[in-house]
Amino acid sequence: MGKLLTAIGLMSGTSMDGIDVALLRTDGENIVERGPSAGYAYDAHFRARLKQGLEDAKSITVRTERPGTLAQLERDLTLRHAEAVMAFLRENNLLPENIDVIGFHGQTVLHRPDEGLTVQIGDGDLLARETQIDIVYDMRANDMIHGGQGAPLIPVYHAALAHGLSEKRAIDAPVVFVNIGGISNLTFVGADGRIVAYDSGPGNTLIDQWVEAHAGVPYDQGGMIASEGTIVPELADRYLSHPFFTAEKRRSLDRNDFAPPSGADAGLEDGARTLAYVTAAAIFKSAGHLPEAPATYVICGGGRLNPTIMKDLTALADTAHGRVLTAEALELNGDSMEAEAWAYLAVRSLRGLPLTYPETTGVDRPVSGGRFASQAIDTEPDQGTTYGERP
Ligand SMILES: Nc1ncnc2c1ncn2[C@@H]1O[C@H](COP(=O)(O)OP(=O)(O)OP(=O)(O)O)[C@@H](O)[C@H]1O
Ligand SMILES: CC(=O)N[C@H]1[C@@H]2OC[C@@H](O2)[C@@H](O)[C@@H]1O[C@H](C)C(=O)O
């Protein structure tokens with residue numbers, strides 16, 4: 001067992017809805033003591049700036065480039081993260097000196113694993129200066145350098161949670177953690193602790209884009225719009241017959257890999273209903289590549305709050321005798337799990353432990369990762385220490 005560290009994790013996910021913050025005490029291995037968590041939503045104007053950032057990022061060929069609005073956006077995004085940290089500390093009566101490290105995800109603006117290119121904007125040095133706390137950031141890059149998909153990174157944290165659950169005999173193995181964010185990903189944890197993970201398909205991002213375009217709302221709250229519609233089989237088949245699901249190699253996804261339907265494909269409600277089904281069916285279909293059929297599915301991320309997705313997933317899992325549970329049913333937190341994971345990964349990075357494995361991202365060998373920005377030294381961004389490689 002290593003020393004227990006107090007870490008904060010910060011996640012701004014592909015849904016671009018805000019910043020999730022969570023506190024953990026952990027050794028980066030099996031000891032995980034979950035603390036408070038909170039979400040700080042972006043306003044509509046900032047969300048629009050992030051969307052513009054995704055457009056501007058399309059021309060990037062070298063990951064340090066910041067064309068168009070991206071340089072200013074990176075600075076403002078980082079300052080918003082600093083404000084979120086300071087609010088979180090205040091709300092929980094904590095001081096910067098109580099925190100050993102922050103794991104900072106930043107915002108993915110471009111992800112092209114086939115080209116070995118992944119870009120998360122977020123300035124670790126600026127965040128260290130603003131918060132007066134050490135930062136570990138840019139945790140996907142080293143995985144890609146070593147042939148990995150750069151995602152998902154959360155599996156090693158899922159495995160630690162599964163270890164805790166199995167000690168309490170809370171679940172039947174094998175268990176699969178399913179994160180339904182903008183994109184969905186899953187982590188299989190076998191009875192022997194083996195982990196296998198990959199992105200499983202579009203999560204909420206198609207539904208969000210559909211209801212925003214046709215109803216002017218950012219997401220289908222409570223799955224209300226979908227609940228009034230009917231599945232359009234041809235539309236569902238079009239998504240589910242995408243080569244992503246049948247390819248030999250599991251590939252990580254960019255937000256733009258699946259495009260929303262056109263207005264001619266369906267009406268508002270039928271479109272939302274079909275896309276909710278596609279989200280559930282994509283997870284089930286991708287689970288077909290796992291080493292064994294899951295006995296338990298643990299659902300995390302915003303998609304678990306859409307009852308239409310949950311109903312479809314429960315029915316599909318049932319056909320293979322799998323049981324679907326929300327994270328909350330196991331006394332976990334489905335909203336803060338990614339932020340918790342980034343806190344956990346930061347501690348692993350500090351300890352030089354692997355963040356990814358051949359069976360989680362396709363990386364050549366287990367590798368650590370992340371860049372370190374010290375609150376004590378005023379380093380330039382490109383001089384940050386890389387924790388990825390230890391001689
Ligand atoms: N009450 C709700 N009802 C229905 N859907 C919801 C609800 N709350 C959140 N969501 C969905 O969850 C999404 C946010 O999920 P989450 O915060 O897990 O995504 P993320 O962290 O941005 O994504 P990723 O895991 O891809 O990085 C929202 O965009 C919305 O589609
Ligand atoms: C490149 C990138 O940001 N990928 C995200 C995205 O959102 C969900 C899915 O696609 C996952 O692969 C990943 O995030 C999670 C938290 C991860 O890396 O574990």
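Order of listing sets the numbers, starting from 1, for every ligand and every atom in it. Bear in mind that the values here come from a model prediction, so they are computed numbers and not experimental data. These values consider heavy atoms only, across backbone and side chains, with no hydrogens, waters or symmetry-generated copies. In this chain, residues are counted from 1 in sequence order.
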Look at [atom] and say which protein heavy atom is nearest, naming residue and atom and giving the distance to 0.1 Å.
atom: atom 22 (O) of ligand 1; result: Ser15 N, 2.9 Å
atom: atom 26 (O) of ligand 1; result: Thr14 OG1, 2.3 Å
atom: atom 3 (N) of ligand 1; result: Gly222 N, 2.8 Å
atom: atom 17 (O) of ligand 1; result: Asp17 OD2, 3.6 Å
atom: atom 7 (C) of ligand 1; result: Tyr219 CE1, 3.4 Å

Atoms in ligand 1 with a heavy atom of [X] nearer than 4.0 Å:
X: Ile183; value: 26 (O)
X: Leu305; value: 1 (N), 2 (C), 3 (N), 4 (C), 7 (C), 8 (N)
X: Gly301; value: 18 (O)
X: Gly182; value: 19 (O), 23 (O), 24 (P), 26 (O)

For [X], side-chain contact (heavy atoms from CB on, under 4.5 Å) partners two or more places apart:
X: Ala159; answer: Ile195
X: Thr64; answer: Val62
X: Lys311; answer: Arg273

For [atom], which candidate among [options] provides the closest heavy atom?
atom: atom 29 (O) of ligand 1; options: Asn306, Asn204, Asp208; answer: Asp208
atom: atom 4 (C) of ligand 1; options: Asn179, Ile154, Ile309, Asp220; answer: Asp220
atom: atom 11 (C) of ligand 1; options: Gly223, Gly302, Ala339; answer: Gly302

Q.
Please find the pair of heavy atoms, one from Ala191 and one from Ala173, that lie closest to each other, and give the distance.
A.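 That closest heavy-atom pairing would be CA-CB, 3.8 Å.
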*Proximity of Met11 to ligand 1 by residue part, where a heavy atom lies under 4.0 Å*: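 Near ligand 1, Met11 shows nothing, with every heavy atom at 4.0 Å or more.
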_Test side chain to side chain contact (heavy atoms under 4.5 Å, CB included) applied to His111 and Asn256, Asp254, Asp257, Val119, the passing residue_ =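 Among the candidates, only Asp254 passes.
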Can you check whether [Y]'s main-chain N or O pairs, donor with acceptor, with [X]'s side chain at less than 3.5 Å?
X: Asn306; Y: Thr308; answer: yes
X: Thr118; Y: Gly150; answer: no
X: Thr108; Y: Leu110; answer: no

Notebook entry, point to check: Under 3.5 Å between some N or O of ligand 1 and some N or O of Glu338?
Noted result: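 Such a contact does occur with ligand 1.
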Salt bridge or not for Arg194 and Glu292, using N-O below 4.0 Å?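 Salt bridge absent between Arg194 and Glu292.
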query: Is the closest basic N to carboxylate O distance between Glu29 and Arg348 below 4.0 Å?
result: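 A salt bridge is absent here (no side-chain N lies under 4.0 Å from a carboxylate O).
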message = Which residue in the set Asn185, Thr187, Asn179 passes side chain to side chain donor-acceptor pair (under 3.5 Å) when paired with His158?
response =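 When side chain to side chain donor-acceptor pair (under 3.5 Å) is applied between His158 and each of Asn185, Thr187, Asn179, only Thr187 qualifies.
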Practice item. Can you measure from CG (Leu240) to NZ (Lys285) and round to the nearest 0.5 angstrom? Key: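 Here the rounded value is 5.5 Å.
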List ligand 2's nitrogen or oxygen atoms that come under 3.5 Å of a protein nitrogen or oxygen, with the partner atom and distance.
| from | atom 1 | to | atom 2 | distance (Å) |
| --- | --- | --- | --- | --- |
| ligand 2 | 3 (O) | Thr108 | OG1 | 2.6 |
| ligand 2 | 3 (O) | Arg140 | NH2 | 3.3 |
| ligand 2 | 12 (O) | Asp199 | OD1 | 2.6 |
| ligand 2 | 12 (O) | Asp199 | OD2 | 3.2 |
| ligand 2 | 14 (O) | Arg140 | NH2 | 3.2 |
| ligand 2 | 18 (O) | Arg140 | NH1 | 2.7 |
| ligand 2 | 18 (O) | Arg140 | NH2 | 3.1 |
| ligand 2 | 18 (O) | Leu153 | N | 2.8 |
| ligand 2 | 19 (O) | Leu153 | N | 2.9 |
| ligand 2 | 19 (O) | Ile154 | N | 2.8 |

query = Is there a donor in the side chain of Thr78 and an acceptor in the side chain of Glu74, or the other way round, less than 3.5 Å apart?
reply =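 Looking only at side-chain atoms, Glu74 and Thr78 do not form any donor-acceptor pair under 3.5 Å.
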Taking the non-hydrogen atoms of Gly203, is any one of them nearer than 4.0 angstrom to ligand 1?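 Outside the 4.0 Å threshold, so no.
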